[in-house]
Amino acid sequence: MAGCSKHGTMTEMAIAADGLTKRYGGDVLAVDDLDLAVEQGEVYGFLGPNGAGKTTTMRMLTTLTKPTAGTATVAGLSVADRGALTERIGYLPAEPPVFDELTGREYLRYVARLRELDGDDVERRVETYLDRFDLADADRRIDGYSTGMKKKLGVIGTILHDPDVLFLDEPTSGLDPRAARTMRETIAELADREMSVFLSTHILPVADELADRIGVIHDGRLVAEGTPEALKARAEADDGDADLETVFLNVTRREETTQKTDPETVAGGSHV
Amino acid sequence: MSSETGRTGSGTRSQQQASSVSRSREGWLPSPSISYLIARVESRRSWRKIRDQDLWLALAGIGILFVLVSLPVLYSFGSTFGEELNAGAAPTDIAFTIVVGGWITMVAFGIMAGVGSEGEVDNQAAILTIRPPKDVAGGLLLGTIVGYAPLLCLPALAGGVGIAVGVGTPAPVAGILAGSILVLVTGGTIGYACGLTAKGIVRRSARLTQLKPVIGIAIFLGYIWLSATGRLFTLVIDAGELLRSSPLGWLADLTFLTTPNAGASVPNALGALAVSAAVVPVGVFAVVRAAEYAWYAEQRQTTSDDEPAESSGRDSASLGERFDAALGVVGVSAGTRGVTTTVLLRAYRSPLQLVYVVVPLFLLLPTIETAVTSGFVPEWLPWGVLLYGGWVAGAAFPLNLLGDQGGTLPTVLTARIRGRQVVHGYVLAAVLVFAPLTAVAAVGTARIAGRSTATLLSVGLASPVAVVAGAVLAAGFGAAFPRFQSIDLTGSTKALLPSKTAFTLFSMTATISITAIGVLIDEIYRIVMSDLLSTYLPYGITVTPGGLETVSQIVTGLVVVAVPVAYLFASRRIDSYRLE
């Protein structure tokens, strides 16, 4: 699948999903016929209420969960091609993926070795990122770190190999304002370097600030998608409030109302 | 972003990233270098976990001591065996059977590892998006096999050196070492694949997932029973005998190939090498596939702030609600029944948390086995059952009632619930579970032991008294000496055990108190205990039944005072507790 990047060049889509569906145990429909197209270098904000299917979508796109139906490619590789795809992506789950028994530096070196990165360049990268994220005490064991410090370490481990597509699940939650700002700046700069970022968050100002486009998922379906400006303009037209919170509340409420009125109705969603 | 962390050169990322995949990610078998890296880091993590937790450190120390103590014994056996070989009178059949038995043991170890935490990926979402599962599985398998190596290879080496000394040539050591390594690698790999497959089957079946605690307890108790009664060894040797004539027996031929006069067959030994060369890669491949089957089992995944995942807890939750309602009907206050229901639900869903309370049962195993096999039940056993019932009622639930709150402690301390309701809740949970069990077990044992109706009645009435007294005393010790730091039982299961101080003081108090009650009630028990004490007390001190009765009266008097004191202390301690 190809498209025109925000930088104006014809490129392969960073993420392309077609009819992606996940059903658990035959009766729980977690993701329902999801279509996605994220361009290279694009920051795609993925919003949705609790239990909407955000994490399941991310797990399917990162090869952790097998789709029940539909296809998806990430960095031009099918999500079925686990070996190749994992080399090109970085995934930061909501819980910081660190090992408490290691020191921060040991953990990053371990991740680097798992990624088969070696040499002085990696050491320099590690040091630079540690400095940038203000993790000077990296020789202390991780079980003594705060949640925010663990999250910073997790982020560094996720971007150390300079992936093509980065999946971030709530990257700024649990961070102090300074660290959250550093995180936002880092995400923006990674996107400037053509790294595509799939950003799941509940913190709407973060999505508003960083995302080139936003998709809202509700009950497993994409119910709204567009640039933040376009979504906000529509909210202003509907409610008089031009903010992302209004967009979020409107589209999820509208979906609930539709389902309550006619549970059989499958709303097509709104794209701006 | 600084250039140091930035990508060099120009062009799109697709152009920069070669489309080819790194060679280590290709193929069906794990990358050796990455597997080695994972095994090394996992071993380091395991060691640090053990080092940090005194219980595991003590268990590891006991394990090491056990292996070290076995070495001279095995050396001695080996030396004698070597001399018998020279004399042409060695029991080679038994030696060959032991090798096959060792292989079966390694399969069992592998299964345990695969089913347990060594077959689990910590931080799965991260690691499995960094490396393909084949490399992770390879790393965990390698770490497991290396971890088991000292348990098998060191004793084998000690025996081998003994045989070498016995026969007067170092040659046996080479064969025994090679044989034990093959036993370790082939048995461990096959067992690990089976364990991971079992894990996957359980995860993919809602029914089995629900029954997992029950299955786990049954297997654990069965294992303990077989080990303590010595039947496990007999079973393994019988199985070894049975499989001795199969290709597995070829491993024994290889093991004793370099041992003079052992009667090992060269073609069989070569067959063992050839079969192992085929079995190991096939086994590793099976491990990889079994790991994928287990790790990618469908479970609804949600983020930490998403709605709860689909779980097997619904049935127990509705059971809990019904139970809570039933307690409400009989007038138990909302706070107390909330505590009771929560305590029991948590125990039902995480029975491993209570695994430590079965340890004293090991002491009773020989007696129980004799009772089962011969039908003879000693007359004192009903009081032994009563003692265990009273002890377990305290040790299982109230002995760490503050620490047991975990992250909810601030909520409990700032809620309207009073300390006495927390104590009531824990004691009630213990009484509801253990009073009927203790009464039935104690009366049943007394009946089988042929005790009088009066004794049956006494034991039956004393059971709830012992359980209540045990639970309340435990609440007092638990409130005085709480423990908040949990220990790792498995990779993902943590348990919050009572503190050592509370555990020791309570165990001593419960033993003395409940024994005193039995001594006062039952004359036969009084005589048995006075004999026992007279036998084991130092400096030739003798205890008459009359003297013991007097001491028991004093102890019982103290218990009558201690129980309400423990109750008041625990209640007030909770009310006044402040987080440090």
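B/Ala126 and A/Pro93 get closest at one heavy-atom pair: N-CG, 4.4 Å. Across every non-hydrogen atom of B/Leu128 and A/Thr86, the tightest pair is O-CG2, 3.6 Å. Shown here for A/Arg59 and B/Ala125, the closest heavy-atom pair between the two residues is NH1-CB, 4.2 Å. Here the closest heavy-atom approach between residue A/Arg115 and residue B/Ile130 is recorded as NH2-CG1, 3.4 Å.
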Derivation and outcome, side chain to side chain contact (heavy atoms under 4.5 Å, CB included), residues B/Arg45 and A/Asp100: CA-CA 9 Å; B/Arg45 291 181 58 217; A/Asp100 282 352; over 6 Å; no
Kindly indicate, with the supporting measurements, whether the criterion side chain to side chain contact (heavy atoms under 4.5 Å, CB included) is fulfilled by A/Phe99 and B/Asn123. CA-CA 8 Å; A/Phe99 292 129; B/Asn123 284 327; 3.5 Å; yes
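Heavy atoms of A/Glu106 lying under 4.5 Å from chain B belong exclusively to its side chain. Interface remark: B/Arg204 contributes no atoms to any contact with chain A (heavy atom separation under 4.5 Å). For a residue to count as touching a neighbouring chain, one of its non-hydrogen atoms must lie under 4.5 Å from one of that chain's; by this rule B/Asp52 touches chain A with the side chain only. Using a 4.5 Å cut-off between heavy atoms, B/Ile38 touches chain A through backbone and side chain atoms alike. With a 4.5 angstrom heavy-atom cutoff, A/Arg109 does not touch chain B via any of its atoms.
Taken to the nearest 0.5 Å, the CH2 atom of B/Trp295 stands 12.0 Å off from the CG atom of A/Leu64. Atoms CG and CG, from A/Leu114 and B/Asp135 in turn, are 9.0 Å apart once rounded to the nearest 0.5 Å. To the nearest 0.5 Å, the span separating CZ on A/Arg82 from CZ on B/Arg131 amounts to 13.5 Å.
No more than 12 heavy atoms of other residues, nucleotides or ligands sit less than 6.0 Å from atom OH of B/Tyr36. Enclosure of atom CZ in B/Arg289 is not indicated, since only 12 or fewer non-hydrogen atoms of other residues, nucleotides or ligands lie within 6.0 angstrom. Atom CZ of A/Arg140 is surrounded by more than 12 heavy atoms from other residues, nucleotides or ligands within 6.0 Å.
Side chains of A/Leu102 and B/Arg44 form a contact here, defined as non-hydrogen atoms less than 4.5 Å apart.
In summary, A/Glu101 and B/Arg48 do not engage in a salt bridge, as defined by a charged side-chain N under 4.0 Å from a carboxylate O.
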